[in-house]
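A quick write-up on the structure given underneath.
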Amino acid sequence: MAIDCVSSIASMPHHLKDDSKDEQKQLVFDASVLKYQSRIPQQFIWPDDEKPCANAPELQVPLIDLEGFLSGNPVAAMEASRLVGEACQRHGFFLVVNHGVDATLVADAHRYMDNFFELPLCEKQRAQRKVGEHCGYASSFTGRFSSKLPWKETLSFRYSAQRNASTMVEDYLVNKMGDEFRHFGMVYQSYCEAMSKLSLGIMELLAISLGVGRAHFREFFEENDSIMRLNYYPPCQKPDLTLGTGPHCDPTSLTILHQDRVGGLQVFVDNEWHSISPNFEAFVVNIGDTFMALSNGRYKSCLHRAVVNSHTPRKSLAFFLCPKGDKVVTPPKELVDAYSPRVYPDFTWPMLLEFTQKHYRADMNTLEVFSNWVQQRSR
């Protein structure tokens, strides 16, 4: 069945309607204050069935050495692609080491992240994220939702791999925060470029593992228009009542996460929450909804969340790979046949992004709900 690509949104199902605007305006998530409070605001208390569990078992994820693959060794490439494929069929998470990303760059990215989140709230708010946008500073999601709020702060910005956007990150941060943030911007411009390069290599491994042309996904994402996010999870005196990030599947294509040395990432596998321990030498990689659609459902976009603790802040760097806005998300012909018919309709990434920013709070059902809406509109 031919499925038309819908590239704009006329109307959307409203998954979450916010009826507490007055209450929201009064709520301010100031980590420097709230991290000491023994009674946390009601908006941050999660339902009993979603509260964090103590002592989550460790998830056994493959540790994939990229050194041979990156140096052009075909045997190493096949072995790495095999491990990637096995992980993506099961839960979509794996670790990569010897990834070619400069350790000094990673350390600088963490140091500048520390510097930013240690600023007074009024300083951070110079980059305040506006409702319906995905870039800027956000202190929890107090401007978007009134319940099940995450115990975190974030700074997000756009990265483009197009040649005419070589200073996009630097320009954005200087524009928002002032010229004293120019070097800050240069560090994250370089970090995003390194993440984009690493992402394209991983896309080759994904293509090999799926049995499609090695360059297929690399070329699809060559001019990616991606999102970089700095995450800060302050201590919480009631960590058993709240979550740093609620259960969700990433709507993007591929996430490359670098954790600090404080644990908190959990993944839902085999009907149980599992932890992924920090490894400062490794990046955590996971499949998102957009790539799940590109693989025609063969690879999993897995449910995950972040928990907090009462004594130590946790920080992470997340690069979300996304296709260029005019790219149509459709699986390669090798992944579609009589035994494997189309699972998801064609769409563009800006359409799904708008859906998650303005109409639907990302969770484990985002891709299914979004796909149903697209199919209804294209009939």
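The chain is numbered in sequence order, starting from 1. Values below: all heavy atoms of this structure, side chains included; hydrogens, waters and symmetry mates excluded.
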Residues that Y159 engages under side-chain hydrogen bond (donor to acceptor under 3.5 Å, both in side chains), provided they are two or more places apart: none

Compare every heavy atom of F29 with every heavy atom of L121, then report the nearest pair and how far apart it is. CD1-O, 4.2 Å

Measure across A207 and G213 and return the closest heavy-atom pair with its distance rounded to 0.1 Å. CB-O, 3.4 Å

Are V285 and L198 side-chain neighbours, meaning at least one heavy-atom pair lies under 4.5 Å? no

Could you tell me if the side chain of L34 sits less than 4.5 Å from the side chain of P41, heavy atoms only? yes

Who passes side-chain hydrogen bond (donor to acceptor under 3.5 Å, both in side chains) against S196, sequence neighbours left out? N224

Please tell me whether I64 and I208 are part of a single hydrophobic cluster in this structure, the criterion being side-chain heavy atoms less than 4.5 Å apart. no

By side-chain hydrogen bond (donor to acceptor under 3.5 Å, both in side chains), which residues pair with Q259, not counting sequence neighbours? R314

Is the backbone N or O of L352 less than 3.5 Å from a side-chain atom of Y360, with the two atoms forming a donor-acceptor pair by type? no

How are the rings of H258 and H110 set relative to one another: parallel (under 30°), tilted (30 to 60°) or perpendicular (over 60°)? perpendicular

For residues W273 and M364: do they belong to one hydrophobic cluster (side chain heavy atoms under 4.5 Å, members Ile, Leu, Val, Met, Phe, Trp, Tyr)? yes

With rounding to the nearest 0.5 Å, note down the distance linking CE in M292 to CG in L367. 6.5 Å

Could you walk me through whether F44 and L27 pass the side-chain contact (heavy atoms from CB on, under 4.5 Å) check? CA-CA 11 Å; F44 293 94; L27 179 65; 4.1 Å; yes

Would you check if the side chain of H99 reaches a backbone N or O of E281 as a donor-acceptor pair within less than 3.5 Å? yes

Between F268 and H91, does the ring centre distance come in under 6.0 Å? no

Is a donor on one side and an acceptor on the other found under 3.5 Å between the side chain of N175 and the backbone of G178? no

Using atom types as modelled and distance alone, determine if a side-chain donor or acceptor of T242 lies under 3.5 Å from a backbone N or O of P239. no

Which atoms form the tightest heavy-atom contact between M168 and Q189, and what is the distance? N-OE1, 3.3 Å

Other hydrophobic cluster members with L243, side-chain heavy atoms of Ile/Leu/Val/Met/Phe/Trp/Tyr under 4.5 Å, chained? W46, V307

Nearest-0.5 Å distance, CG of residue L353 to NE2 of residue H134: 5.5 Å

Is there a continuous path of hydrophobic side-chain contacts, each under 4.5 Å between heavy atoms, that joins Y188 to V106? yes

Using modelled atom types and a 3.5 Å cut-off, is there a donor and acceptor pairing between side-chain atoms of H304 and backbone atoms of C302? yes

Closest approach of R298 to S340 (non-hydrogen atoms, all atoms of both residues): NH2-OG, 3.6 Å

Parallel, tilted or perpendicular: ring planes of F347 versus F370, cut at 30 and 60 degrees: perpendicular

Which is it for Y233 and K315 under the side-chain contact (heavy atoms from CB on, under 4.5 Å) test, yes or no, and what are the steps along the way? CA-CA 6 Å; Y233 303 93; K315 285 150 285 190; over 6 Å; no

If you compare all heavy atoms of V308 against all heavy atoms of C236, which two are closest, and at what distance to 0.1 Å? CG2-CB, 4.0 Å

Y137 and E153: side chain donor to acceptor below 3.5 Å: yes

Tell me if a side-chain donor or acceptor on N309 pairs with a main-chain N or O of H311 at a distance below 3.5 Å. yes

Taking the side chain from S371 and the backbone from E368, do they hold a donor-acceptor pair closer than 3.5 Å? no

Quick one, E170 with R182, criterion side-chain contact (heavy atoms from CB on, under 4.5 Å). Give me CA distance, side-chain angles, the key distance, then yes/no. CA-CA 6 Å; E170 178 186 346; R182 186 167 300 281; 2.9 Å; yes

Is there a side-chain contact between L206 and L254 in this structure, where contact means two heavy atoms from C-beta onward sitting under 4.5 Å apart? yes

May I have all residue pairs that pass salt bridge (charged side-chain N to carboxylate O under 4.0 Å, His left out) and include part of residues 66-89, sequence neighbours excluded? E79-R82, R82-E86

Within the distance-only criterion (no hydrogens, no angle test), does the side chain of S156 pair as donor or acceptor with the backbone N or O of R229 below 3.5 angstrom? no

Evaluate salt bridge (charged side-chain N to carboxylate O under 4.0 Å, His left out) for E222 paired with R218, printing each intermediate quantity in order. CA-CA 6 Å; E222 205 121 48; R218 181 187 187 96; 3.8 Å; yes

What side-chain donor-acceptor pairs closer than 3.5 Å can you find for residues 323-332, not counting sequence neighbours?
residue: K324; atom: NZ; partner: E223; partner atom: OE1; Å: 3.3
residue: T330; atom: OG1; partner: R342; partner atom: NH1; Å: 3.4
residue: T330; atom: OG1; partner: D346; partner atom: OD1; Å: 2.9

Under 4.5 Å between side-chain heavy atoms, hopping through other hydrophobics if needed: is there a path connecting M78 to L210? no

Quick check: do Y344 and V374 have side-chain heavy atoms less than 4.5 Å from each other? no

Kindly write out the residues that satisfy side-chain contact (heavy atoms from CB on, under 4.5 Å) with Q60, not counting sequence neighbours, or none if the list is empty. E58

Are F116 and F319 co-members of a hydrophobic cluster defined by side-chain heavy atoms under 4.5 Å apart? yes

Given side-chain contact (heavy atoms from CB on, under 4.5 Å), test F221 with S199 step by step and report yes or no. CA-CA 9 Å; F221 288 100; S199 298; over 6 Å; no

May I have all residue pairs that pass salt bridge (charged side-chain N to carboxylate O under 4.0 Å, His left out) and include part of residues 247-264, sequence neighbours excluded? none

Students should find that the hydrophobic cluster of Y339, defined by side-chain heavy atoms under 4.5 Å apart, otherwise consists of none

For the pair F217 and F291, evaluate ring-ring contact (aromatic ring centres under 6.0 Å, His included) and give the outcome as yes or no after the intermediate values. CA-CA 10 Å; F217 296 126; F291 193 84; 4.9 Å; yes

For P341, does its backbone N or O pair with a side-chain atom of N296 as donor and acceptor, under 3.5 Å? yes

T245 and its side-chain hydrogen bond (donor to acceptor under 3.5 Å, both in side chains) partner, picked from K152, R305, Q266: K152

Please check if the number of heavy atoms outside Y36 that lie under 6.0 Å from its OH is greater than 12. no

Which pairs with one or both residues in residues 42-51 pass salt bridge (charged side-chain N to carboxylate O under 4.0 Å, His left out), sequence neighbours excluded? D48-K51, E50-K148

Return the minimal non-hydrogen interatomic distance between T366 and D363, and the atom names on each side. OG1-N, 2.9 Å

Contacts of W349 that satisfy ring-ring contact (aromatic ring centres under 6.0 Å, His included) - sequence neighbours left out: none

Rounded to the nearest 0.5 Å, what separates atom CG in L66 from atom CZ in F283? 10.5 Å

When you measure from the side chain of D225 to the backbone of C322, do you find a donor-acceptor pair of N or O atoms at a distance under 3.5 Å? no

Lys/Arg-Asp/Glu bridge criterion (N-O < 4.0 Å) met for D30, K124: no

Shared-cluster residues of L265, by chain and number - hydrophobic side chains joined below 4.5 Å: L59, V61, L63, F93, L95, V97, L257, V267, V269, I276, V284

